[in-house]
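Here the structure comes first, spelled out in structure tokens, and everything after it is commentary.
The model shown is predicted, which means the values in this text are computed figures rather than measured ones. Each chain gets a letter, A, B and so on, in the order its sequence line appears, and its residues count up from 1.
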Amino acid sequence: MAFEPLPKTRETQKMTQDLSGSADLHAFRSHTCGALRLEDVGANVRLSGWVHRVRDHGGVLFVDLRDHYGVTQIVCDPDSPAFADMELVKSEWVIRIDGVVKARSEDSRNDTLPTGAIEIFVREMEVLGAAKELPLPIFGEPDYPEETRLKYRFLDLRRETIHNNIMKRAQIISSMRQRMIDAGFFEFQTPILTASSPEGARDFLVPSRMHPGKFYALPQAPQQFKQLIMMAGFDRYFQIAPCFRDEDARADRSPGEFYQLDIEMSFVTQEDVFQAVEPVLRDLFVEFADGASVTESFPRIPYKEAMEKYGSDKPDLRNPIVMENVTDHFAGSGFKIFAGMIEKDPEVRVWAIPAPTGGSRAFCDRMNSWAQGEGQPGLGYIFFKDGAGSGPVAKNIGEERTKAIAEQLGLGDGDAVFFVAGVPKNFLEFAGSARVRVGDELGLSETDGFKFCWIVDFPMFEWNEDEKRVDFSHNPFSMPQGGLEALETQDPLTINAYQYDIVCNGVELSSGAIRNHKPEIMEKAFDIAGYDRQVLEDKFGGMLRALQYGAPPHGGIAPGVDRIVMLLCGEPNIREVTMFPMNQQAEDLLMSAPSDVSPSQLRELHIRLNLPKE
RNA sequence: GGGGGUGUAGCUCAGUUGGUUAGAGCGCUGGCCUGUCACGCCAGAGGCCGCGGGUUCGAGUCCCGUCACUCCCGCCA
């Protein structure tokens, strides 16, 4: 096994000194299990580690000894005083061995191991920690049920892939931190016990002993604190910040907690934030992408354009398909379904999803039945062969319009195009998934590399259909474009915010904004979203007060650390890059959290349980 | 809260149209083996077929319910 080699620390260097004569040897090891090479032949060494694998040939016995740094073969035969003891060791026992480094014969070298040119002939062995029969094997790391892996996480973490993932995570975080420091940012801690906030996700609550009936909340993000840090004049803040949200899990979302590279800067425009953050992320990805391509300069795509071209505010740009408006080609055409819709409602649009190389009836039919499976009436299409368009749509709109569509989209023989029609906000999501589907089915997407973009100009407000009112669509502390004047004169639903996301390969990596640092604009914004002054005072009093005593213009962003590590490790599941994750039911199977607490603990907190009936 | 998938040995999985004693590989235990590195060979132990109910002469297999895990929707400013 070869865990990613680490730069030698002072400690490991000391350990790799050749210490001849066992009287001088360190109690546990003179070298790590990844250290010894051909030039060490003849040295008396002491190694400690886990028994990775035993190969017992009766007369000769091999043990692969493993630690964090690597694997070294230990060999033993009846000439060794340790032979009887060595015959008893089992997988995952922790042992210490003393012995001499020997060169392996030419034909018995193992080139797959860095230590493969040598082996240790063991003279003495001590069992430091025996192991019971294993609930999951380390060697070979076969697939195991997640429940078992989480319950025995300490064993699971010995396995090569996840061990390397966790090491990569540590290196990524270290690099991130250094890059931020080098860019002139300062790392500050913010409270873990804070106040519940009415906006956003469900809070984790912590009862207060000293204030019966009152609760702290764990921060969903240090949002208000980082703004207060700016108001306190510290200018440039960052933190690898733990964030807590009591929401249900997904494959890419831990239940409960996750980390953000939280960033905030004073006296900045949106452009300044981009200039500060883009190089950090880009260079971080270049450093850890193992040679895969990384977007050099992140394109900026307005929210509205992203929705129109990709049907998503987190487009995967590895997929080259760009949707286009083809309404004019259908207005008044012979394809009565679409033509009729367009005539009835001026908001109706027809969008084309080009499908280069998809020009066969079989493929188009397959897409059509997929669409029906998604609850759609179907998916209109044209496919092109022999210099003309085929299929029912082409027949109905006629040769001229078919040709115009092909020209607009740059399609020719062997290609196809699909159509969705209706009021865009109703079909956007479906159109976006059809775009992804076409790209996947036709293998059009690049498979490696990291394609970044900024999504900018998010709307400040959105219509809450359930409650029939205007709501914040994103962060309520964002600065509306146009400032107070826009809030006072424009339809709220047309106002954009200085609000932006970074998207990579279809994953929303971070979200940020230029903040609203003017109390009167903030009051107006909350007023539009239906929060009166009193709510603002009650819930954001500290913040509001701070804004009234000289607040600098400021803004920031918060890239998600776990998702960055997932992308760089190529893992589809966040639990593969988290040391001690909870399961989907938000339980920690190793520590047994959440757990019951004693009646006296509850009494102290003035809490009486009122449990749901079975 | 809702939908999909899965559930057979410690693990990965096979198990025909409902039919005798539920199999394989890995792991484990014992034995043999002096150059392996996925060592090899021989033998053995190990099963409430997730759980409960039903249909049937007969259920791992069909039906209903339920539980667990997982993926998705809701949720995630």
Original post:
Atom CG of A:D156 to atom P of B:C11: distance rounded to whole Å?
Top reply: 15 Å
Subject >> Selected nucleotide, minimal atom distance to A:P145 side chain, candidates B:C76, B:G74, B:U12 >> reply: B:U12
Subject >> Side-chain donor-acceptor pair present, A:N165, A:E571, cut-off under 3.5 Å >> reply: yes
Original post:
Within this structure, what is the CD-to-C1' distance between A:E576 and B:C71, rounded to whole angstrom?
Top reply: 15 Å
Original post:
Mapping A:L589 and A:F472 to their closest nucleotides on RNA chain B, which lands nearer the 5' end?
Top reply: A:L589
**OP:** Return yes if a side-chain donor-acceptor contact under 3.5 Å exists between A:D262 and A:Y237, otherwise no.
**Re:** yes
**OP:** Let me know the distance between CD1 of A:I138 and P of B:A38, rounded to the nearest Å.
**Re:** 18 Å
**OP:** Record whether the side chain of A:E147 comes under 3.5 Å of the base of B:G7 through a donor-acceptor pair of N or O atoms.
**Re:** no
Original post:
A:K151 NZ to B:C11 P: how many Å, rounded?
Top reply: 11 Å
**OP:** Check whether the side chain of A:D107 and the base of B:G35 form a donor-acceptor pair under 3.5 Å.
**Re:** no
Subject >> Candidate nucleotides B:U70, B:U34, B:U36, ranked by approach to the side chain of A:R575 - the nearest >> reply: B:U70
Original post:
Base, sugar-phosphate alone, or nothing: which one does A:P476 contact when heavy atoms must sit under 4.0 Å apart?
Top reply: base
Original post:
Do A:T190 and A:Q239 have side-chain atoms, one donor and one acceptor, less than 3.5 Å apart?
Top reply: yes
Subject >> Lys/Arg-Asp/Glu bridge criterion (N-O < 4.0 Å) met for A:D252, A:R563 >> reply: yes
Original post:
Paired with B:G65: which nucleotide, if any, by Watson-Crick or G-U wobble criteria at under 3.5 Å for both distances?
Top reply: B:C51
**OP:** Answer with base, sugar-phosphate or nothing: what part of the nucleic acid does A:E141 contact at a heavy-atom distance below 4.0 Å?
**Re:** nothing
**OP:** Please determine if a side-chain N or O atom of A:Q585 lies less than 4.0 Å away from the OP1 or OP2 oxygen of B:C69.
**Re:** yes
Original post:
Base, sugar-phosphate, or nothing: which does A:R149 touch, judged by heavy atoms less than 4.0 Å apart?
Top reply: nothing
Subject >> A:E537/A:R533 salt bridge by N-O under 4.0 Å criterion >> reply: yes
Subject >> Toward the 5' end of RNA chain B, by each residue's nearest nucleotide, A:S473 or A:G58 >> reply: A:G58
Subject >> From B:C69, B:C71, B:C39, nucleotide with atom closest to A:R53 side chain >> reply: B:C39
Original post:
Which part of the nucleic acid, if any, lies within contact of A:Q73, taking any heavy atom under 4.0 Å across all strands shown: a base, the sugar-phosphate backbone alone, or nothing?
Top reply: base
Original post:
Got a donor-acceptor pair under 3.5 Å from the side chain of A:R250 to the base of B:G74?
Top reply: yes
Original post:
Taking the P atom of each, how far is B:C26 from B:G19, in whole Å?
Top reply: 29 Å
Subject >> A:H57-B:C39 aromatic stacking (under 5.5 Å, under 30°) >> reply: yes
Subject >> Between B:U34 (C1') and A:K102 (NZ): distance, integer Å >> reply: 13 Å
Original post:
Does A:Q584 have a side-chain nitrogen or oxygen under 4.0 Å from the phosphate oxygens OP1 or OP2 of B:C71?
Top reply: yes
**OP:** Indicate, with yes or no, if the rings of A:Y152 and A:Y144 have centres closer together than 6.0 Å.
**Re:** no
Original post:
A:F139 has a side chain; which of B:G10, B:C76, B:C39 sits nearest to it?
Top reply: B:C39
Original post:
Are OP1 or OP2 of B:U36 and a side-chain N or O of A:N110 less than 4.0 angstrom apart?
Top reply: no
Subject >> Donor-acceptor side-chain pairing of A:Q220 and A:S197 below 3.5 angstrom >> reply: no
**OP:** Under 4.0 Å between any heavy atoms, over every strand shown, what does A:D143 touch: base, sugar-phosphate, or nothing? Just pick one.
**Re:** sugar-phosphate
Original post:
Base, sugar-phosphate, or nothing for A:Q223, non-hydrogen atoms under 4.0 angstrom?
Top reply: base
**OP:** Look at the side-chain N and O atoms of A:R104 and state whether any lies under 4.0 Å from the OP1 or OP2 oxygen of B:U36.
**Re:** no
**OP:** Return the nearest nucleotide to the side chain of A:D56; candidates are B:C33, B:U36, B:G10.
**Re:** B:C33
Original post:
In terms of side-chain heavy atoms of A:E119, which of B:C33, B:U34, B:U36 is nearest?
Top reply: B:U36
Subject >> Mate of B:U56 where both pairing distances stay under 3.5 Å, Watson-Crick or G-U >> reply: none
**OP:** Mark yes or no: A:K102 above the aromatic ring of A:F121, with NZ or CZ under 6.0 Å from the six-membered ring centre and no more than 45 degrees from the axis.
**Re:** yes
Original post:
Can you tell me how far C1' of B:A68 sits from CD of A:E587, to the nearest Å?
Top reply: 10 Å
**OP:** Name the nucleic acid region contacted by A:K90, choosing base, sugar-phosphate or nothing; use a 4.0 angstrom heavy-atom cut-off, strictly under.
**Re:** sugar-phosphate
Original post:
Between A:F62 (CZ) and B:G35 (P), how many Å, whole number?
Top reply: 8 Å
Original post:
Reckon A:D203 touches a base, only the sugar-phosphate, or nothing at all at heavy-atom distances under 4.0 Å?
Top reply: nothing
**OP:** Ignoring backbone atoms, establish whether A:R55 has a side-chain N or O less than 4.0 Å from OP1 or OP2 of B:C39.
**Re:** yes
